[in-house]
Every structure is written in C-alpha cells, then in structure tokens.
Amino acid sequence: MPHSIGLDIGGTKIAGAVYDSARREVHKIVQATPVSYDEVIKLCAAIVTQLEQKTGERATVGVGLPGSIDRDAGVVILAGKTPCLV
C-alpha cells in the first residue's frame, strides 16, 4: 500500500503526517521549529525518516510553507514567520 507524507513548515512548528492510499492520516509528528536553516532541514529529514520507519516503506513527500518562491532562481523569497528559510 503506497503512503505519502506531508510536511507543514511554520514559524512555531513543523508537522509531518503520513497518509495511506485512502488519504487517511496514519501517523503524525509535531516538533518546534528550529531557529537555523540547517536545523530546519535536519528536522524535516528526521521527521520523514521516522514516518517512513512507522510504515516500513519509502513514501513520496510534499512540503508546504508560508511565503513566495522565485521559480527562476529556485529559492524562497518570503517565508513569513520562518525567516531562516529565506
């Protein structure tokens, strides 16, 4: 059964949830948002790893975060309350 993971990156928390093929939430992890860019990336990777371990399989991952993306440059230019992502 294929699973998918959604990450919601915000200024106060990063939430990750894994969903089954019927789009039902199977597991959820919520952690406080770190201050530095490197720590945000490490935490996102750790959440994905933990959720994949809970299901026993690799999953596709979608990421949502506040702000705007410069598609030409491939970077976030406004990140709301998560300035370390800019």
Side-chain angles (χ1 to χ4, degrees):
M1 167 190 321
H3 288 85
S4 57
I5 293 173
L7 287 177
D8 176 11
I9 302 172
T12 60
K13 67 173 174 52
I14 297 176
V18 64
Y19 300 88
D20 65 16
S21 60
R23 298 185 181 145
R24 291 181 297 243
E25 185 178 293
V26 179
H27 300 286
K28 185 174 185 176
I29 298 171
V30 179
Q31 297 285 325
T33 302
V35 178
S36 77
Y37 175 84
D38 289 340
E39 291 301 315
V40 168
I41 299 304
K42 286 178 188 174
L43 179 57
C44 288
I47 289 172
V48 168
T49 298
Q50 290 171 32
L51 291 170
E52 286 179 335
Q53 287 173 345
K54 288 182 178 289
T55 63
E57 65 183 34
R58 307 250 332 165
T60 58
V61 179
V63 179
L65 61 126
S68 299
I69 296 173
D70 179 336
R71 292 189 185 275
D72 293 332
V75 297
V76 176
I77 56 174
L78 297 170
K81 304 223 182 240
T82 316
C84 71
L85 295 178
V86 178

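Predicted model, so just to flag it, every value in this text is computed and none were measured. Below, all heavy atoms of this structure are taken into account, side chains as well, without hydrogens, waters or symmetry copies.
The minimum heavy-atom distance between Ala32 and Leu43, with the atom names listed, is O-CD2, 3.5 Å. Nearest heavy atom pair, residue Lys28 against residue Leu51, reads N-CD2, 4.4 Å. For the pair Ala15 and Val30, the tightest heavy-atom approach, listed with the atom from each and the gap, is CB-CG2, 4.0 Å. Smallest separation of non-hydrogen atoms from Pro34 and Ile14: CD-CD1, 4.1 Å. For Asp72 against Asp70, the heavy-atom pair with the smallest separation is N-OD1, 3.1 Å. Closest heavy-atom contact between His3 and Ala59: O-CB, 3.4 Å.
Side chain of Ser4 to main chain of Thr60: no donor-acceptor pair is present (N/O by atom type, distance under 3.5 Å, no hydrogens or angles).
Looking at heavy atoms from C-beta onward, Val40 lies in side-chain contact with Cys44 at the 4.5 angstrom threshold. Two residues are said to be in side-chain contact when any heavy atoms from C-beta on lie closer than 4.5 Å; Glu52 and Ile5 meet this criterion.
Residues Val18 and Ile29 share a single hydrophobic cluster, defined by chaining ILVMFWY side chains whose heavy atoms lie under 4.5 Å apart.
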